[in-house]
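Below is one structure, written out as structure tokens; the observations come after it.
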Amino acid sequence: MSAYDVFIGLEIHIHLLCASKQFCGCRAQFGGEPNAHTCPVCLGYPGVLPAANEESMKMAFLVARALECELSKKCFFDRKNYFYPDMTKNYQISQFHDPVGRNGRFDIEVDGAVRTIRIHDVHLEEDAGKMIHQGRCSLLDYNRAGSPLLEIVTEPDLRSAVEAEAFIREFRRLVRHLGVCDGNMEEGSLRCDANVSINHPGAGLGTKTEVKNVNSARFVRKALEFEIRRQARLLDKGERVIQETRLWDADKGATAGMRTKEKAHDYRYFPEPDMPPFVPDEPFLAEVASRMVERPLQRKQRYVATLDIAPDTADFLVEELDAGRLFEALLTGNIAPKTAANWIAGDVQAQLKRADTALQGSHITPERLSGLIAMVEEGRLPRGKAKEVLELVIARDEDPVAIVAEMGWEQVLDDGELDGWVVQVIAANPDVVQKVKGGDGKPLAFLMGQIMKMSKGKADPKRAREKLEQAIAG
Amino acid sequence: MDILQSWRRVLASDDNRRRYDAYIERWESRIACLLERDLTRATGTPDAALPLSGIPFAVKDNIAVRDFHLTCGSKILQNLVSPYTATAVKRLEAAGARVIGKTNLDEFGMGSSTDNSALQRSNNPWNASAVCGGSSGGSAAVVAAGLVPFALGSDTGGSVRQPASFCGCFGLKPTWGSVSRFGLVAYASSLEVIGVLARDVDTVETVYDLMAGADDLDQSSLARPAAPPAREIRTVGVLRGTAGLAAPIEAACRNTIDALKQSGCEIVELELPMLEYVVPAYYTIATAEASANLARYTGIRYGLRAAVDEGQEQMVAATRNAGFGDEVKLRILLGTYVLRSGFQDQYYVRAQKIRTAIRNAFDAAFQQADVILSPVYPTQAFVRGAGELSPFAQKLADRFTASANLAGIPAFAFPTGVADGLPVGLQFMGPPFAEHRLFDAVRRLPDVAPLMRPDGYDEGWRS
């Protein structure tokens, strides 16, 4: 197989996390009794009109801004005409001529290097319903019809299947950080179609195919890897790639051309007469600006570069929103960032996993965790006990300090008490002390054991050992 | 408010309602303009605090009223009962008025005679062999016959004003956006608006004032400006080059100009060469929008469904073939044609440019004249089988009315008299939101309305 240039462009659809649908007051959410979340507007009854949801418009502008797009000053909607039973009006209200944003850019990280991918446009539209085939009949559920959907179209800047996967993962992080989408690809709240073409080096874009029906970032990579190999074999043989839509079959690990009649679709776009153009005013833009967050990749880079956090740990803190929030909360205290990060990515994660629970609702709060870390840092709690304390915090919803006190796990740091135990142990074991004085270090462990026994485990081992050695040497 | 006052007691007693129902029945056997009627909705003691309390009205059957049918004069929606009520109707109901029936229309508002209704043939109250005009023909006829004090219609290219003229009543096409379209079944969204038909100016004004205003359910609706255009009328523009008018219409123009001069108005002759392009631009835009607006009628969720089980595409095709009339199919095909990619610039985009030019021409005209006087239609109501216009000629005849729809401006049709047993009417047009100026313009003219009653019109039974 010869080397070819690869060009991949993505069309990503995200379901915006709005309480209501794009053009009516029905609830926008998955599931529910079929057609429970419908009304004359989203069912396309005669005479109804769309009334746009301002919240979705804010989210759309927020995403466009996060992708550094040129924001529309006057935003129009268009009608995209096509007949399908899951489209109640048989036209989709979308944006064609004047989308929310154009000409943006988005950084992704591939193998530790940053790549900038150009964004063609960001536009708002409405989702369709769902058709379910059952034997000789088809059933329609319009719960999803009219839900706000945001489409992000990239330029064909991605150069490999790996980059495409990295883009989806990074974009998914972005929309979750912005709070506009839950990013769940399995449930379809983030969907991705990929356009891919290959060509001889330097020859520019080739004939593209569109890969659909891919419901995870990993499958996007696999489907593209398959498709690139398939196209390369054709070019190797001197054959041509046919421009078509191909469906990914995860079970077979292959794409296959759609069997439907290949008719060129003419969507007959024209301006939506029922919607006045949307002109974002100052208060609107100010609110969008106020919802802006640090982009996840920038946050990761900041953690690594300025907080001395390991890249994997930084990735974890950026990927997991609740862990990230906990970390940011700990940063306001006295705990070193690296320490906080390691606790969260290490012990906390391990105990959550053991308890089979998520951070949210786990009773682990920033106050409780910082209290626990402080006890360990100050030597008041043996490091090894921290796991058990966390386990009890999760199980009992109690404060770590209270747990440690109740369990009697607190280390005694008081010099007077430590000195007393040291003196008593030395007095009770003169033979052993002699051996140590004679240069045999081994029995020291026995003496330490005696101290711990006498203190019922409360003596801080480190300080007790220091004092014991001093006393014997002294 | 005299006419409305006289209607207040009508629905208050069972006795009155029986006589009222009998009166409707007598007319309906002649004009057949109501597709559905339900007097039981109109009971109850009038509440004097409400401006329209106890007053019945009729609604064109392309405007949604909950629990009434919403047929749009089409077989495809013949069995549809509306699950909701249009905002304009709701506002009138809130003012105490009650819907007592739904009126016939050209299928989906596409036509100028109401003969394009797939459900019923309606007649003009003045002459049962004449058409009542369209597409709001049923609403015009029930008002002219005195079945209701007012009725709602919709005006996409003249559909309120032309039937008003044909039947001898007043018909207002408001400024686009001043009355919510929520609940008006869309034919050509950017052109159409809900309008009022009544037998006097005061009733039109009262009803319009109650209906108008922004509506959250229609984001293209507009609040009336804080300072609407002044009501005062000093100059009246008249169009030059209105050749091809029937003699009674031409006579009405002359007489009305004389009357306006006598009332102290200055007459300004206007040239609006853009009017030549009104009809092609209108039909391009209207059919383009219609091709999308009517795409939702598939039989899948409501309405007629053809008994075909070969697959959804075949079922939808068969439903549409059986459910739509020829004129509707023609306009859907035309609209699909003008929107094809590669042809949009030649048709749709060009029509939009013409539309902008027409709007600009009217803006300029209203710098010279406070209102414009114009014919509504080149002829009176046509008698079937004699002197009837061909469907193509009927479209060309829309030029005087459709211009106001392209410009989005208000226009008010008023009766001027009767010739050869049929009414004659003209219209005033004004700048956006100048509805009240149009009412005042008509009030300057000799009051013709009380003299214009078709045979069988009865005011006595109400008092």
Side-chain angles (χ1 to χ4, degrees), chain A residues 23-25 35 38-54 57 77-93 96-97 129 131 133 135-142 145 260-261 264-278, chain B residues 62-64 70-72 74 77 80 82-84 86-87 108 177 180-186 188-192 215-222 285 288-289 291-298 300-303 309 311-313 315-317 335-336 338-344 348-349 352:
Chain A
F23 298 119
C24 62
N35 299 308
T38 59
C39 73
V41 173
C42 55
L43 286 177
Y45 264 72
V48 298
L49 294 171
N53 176 338
E54 183 164 301
M57 195 57 101
F77 283 91
D78 295 283
R79 287 186 183 178
K80 179 180 180 179
N81 293 285
Y82 66 96
F83 273 70
Y84 203 71
D86 65 6
M87 288 279 304
T88 56
K89 302 185 294 295
N90 284 316
Y91 61 80
Q92 180 190 32
I93 302 179
F96 184 63
H97 296 288
M131 183 149 71
H133 300 285
R136 278 181 52 75
C137 80
S138 301
L139 302 171
L140 284 154
D141 177 5
Y142 292 108
T260 53
K261 311 164 247 183
H265 249 302
D266 182 351
Y267 291 121
R268 306 194 307 279
Y269 283 100
F270 75 98
E272 169 56 83
D274 291 332
M275 304 269 298
F278 176 78
Chain B
N62 65 346
I63 298 171
L70 183 57
T71 68
C72 299
S74 180
L77 293 180
L80 176 73
S82 178
Y84 73 104
T87 300
F108 286 104
S180 168
R181 286 183 296 119
F182 186 80
L184 167 62
V185 177
S189 320
S190 74
L191 298 162
E192 65 207 2
D215 173 21
D216 287 343
L217 296 175
D218 175 5
Q219 292 187 332
S220 67
S221 66
L222 303 160
I285 292 166
E289 292 179 4
S291 72
N293 282 330
L294 273 66
R296 66 186 64 194
Y297 308 118
T298 56
I300 290 177
R301 296 173 307 285
Y302 48 76
D309 67 350
Q312 54 92 4
E313 264 184 57
M315 189 274 280
V316 170
T336 308
V338 299
L339 284 177
R340 282 176 314 158
S341 84
F343 292 78
Q344 281 210 2
Y348 181 75
V349 174
Q352 291 290 15

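The structure displayed is predicted, hence computed values, not measured ones. Letters A, B, ... are given to chains in the order of the sequence lines, protein chains preceding strands, and every chain is numbered from 1.
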Using heavy-atom distances under 4.5 Å, tell me whether A:F83 contacts chain B through its side chain, its backbone, both, or neither.
side chain
Examine whether an atom of B:S341 lies under 4.5 Å from a heavy atom of chain A, and if so say whether it belongs to the side chain, the backbone or both; otherwise answer neither.
both
Can you tell which part of B:A292 gets under 4.5 Å to a heavy atom of chain A, answering side chain, backbone, both or neither?
both
Name the member of A:C39, A:P40, A:A52 that forms the most heavy-atom pairs with chain B at distances under 4.5 Å.
A:A52
Looking at every non-hydrogen atom in both residues, tell me the closest pair between A:G44 and A:K89 and how far apart they are.
CA-CG, 4.2 Å
Compare all side-chain heavy atoms of A:E272 with those of B:S189 and state whether any distance is below 4.5 angstrom.
no
B:T336 versus chain A, heavy atoms under 4.5 Å apart: side chain, backbone, both or neither?
both
The interface call for B:F343 against chain A, heavy-atom contacts under 4.5 Å, is neither
Among the listed options B:T298, B:N293, B:I63, B:N62, the residue most often paired with chain A at heavy-atom distances under 4.5 Å
B:N293
So, does A:N81 use its side chain to make a donor-acceptor pair with the main chain of A:Y91 at under 3.5 Å?
no
With chain A, the option among B:S190, B:G183, B:A64 that has the most non-hydrogen atom pairs under 4.5 Å is B:G183
Name the region of B:L184, side chain, backbone, both or neither, that has any atom closer than 4.5 Å to a heavy atom of chain A.
backbone
Looking at A:M275, A:R136, A:M131, which makes the most heavy-atom pairs under 4.5 Å with chain B?
A:R136
Let me know if B:F182 has heavy atoms under 4.5 Å from chain A in its side chain, its backbone, both or neither.
both
Using heavy-atom distances under 4.5 Å, tell me whether A:P85 contacts chain B through its side chain, its backbone, both, or neither.
both
Counting heavy-atom pairs under 4.5 Å with chain B, which one of A:V41, A:N90, A:L49, A:L140 comes out on top?
A:L49
Verify, without hydrogens or angle tests, whether B:Y84 (side chain) and A:Y45 (backbone) share a donor-acceptor contact under 3.5 angstrom.
no
Please state whether the side chain, the backbone, both or neither of B:L191 comes within less than 4.5 Å of a heavy atom of chain A.
neither
Checking B:A288 against chain A: side chain, backbone, both or neither under 4.5 Å from a heavy atom?
backbone
Do the side chain of A:D78 and the main chain of A:F96 share a donor and acceptor less than 3.5 angstrom apart?
yes
Considering only heavy atoms, which portion of A:S138 lies under 4.5 Å from any heavy atom of chain B: side chain, backbone, both, or neither?
neither
Please flag which part of B:Q344 lies under 4.5 Å from any non-hydrogen atom of chain A: side chain, backbone, both or neither.
side chain
At a 4.5 Å cut-off on heavy atoms, which part of B:L294 comes close to chain A: side chain, backbone, both, or neither?
neither
Does any heavy atom of chain B fall under 4.5 Å from the side chain of A:F23, the backbone, both, or neither of them?
neither
Is A:D274 in contact with chain B via its backbone, its side chain, both, or neither, using a 4.5 Å heavy-atom distance?
both
Which atoms of B:L70 are under 4.5 Å from chain A, going by heavy atoms: the side chain, the backbone, both sets, or neither?
side chain
For the backbone of B:D218 and the side chain of B:S180, can you confirm whether one donor and one acceptor N or O come within less than 3.5 Å of each other?
no
Begin from the C-alpha positions of B:F108 and B:S74 and carry the test side-chain contact (heavy atoms from CB on, under 4.5 Å) through to its verdict.
CA-CA 7 Å; B:F108 286 104; B:S74 180; 3.5 Å; yes
What part of A:Y269 lies closer than 4.5 angstrom to a heavy atom of chain B: side chain, backbone, both or neither?
backbone
Give the member of B:Q312, B:R296, B:R181, B:R340 that has the highest number of heavy-atom pairs under 4.5 Å with chain A.
B:R296
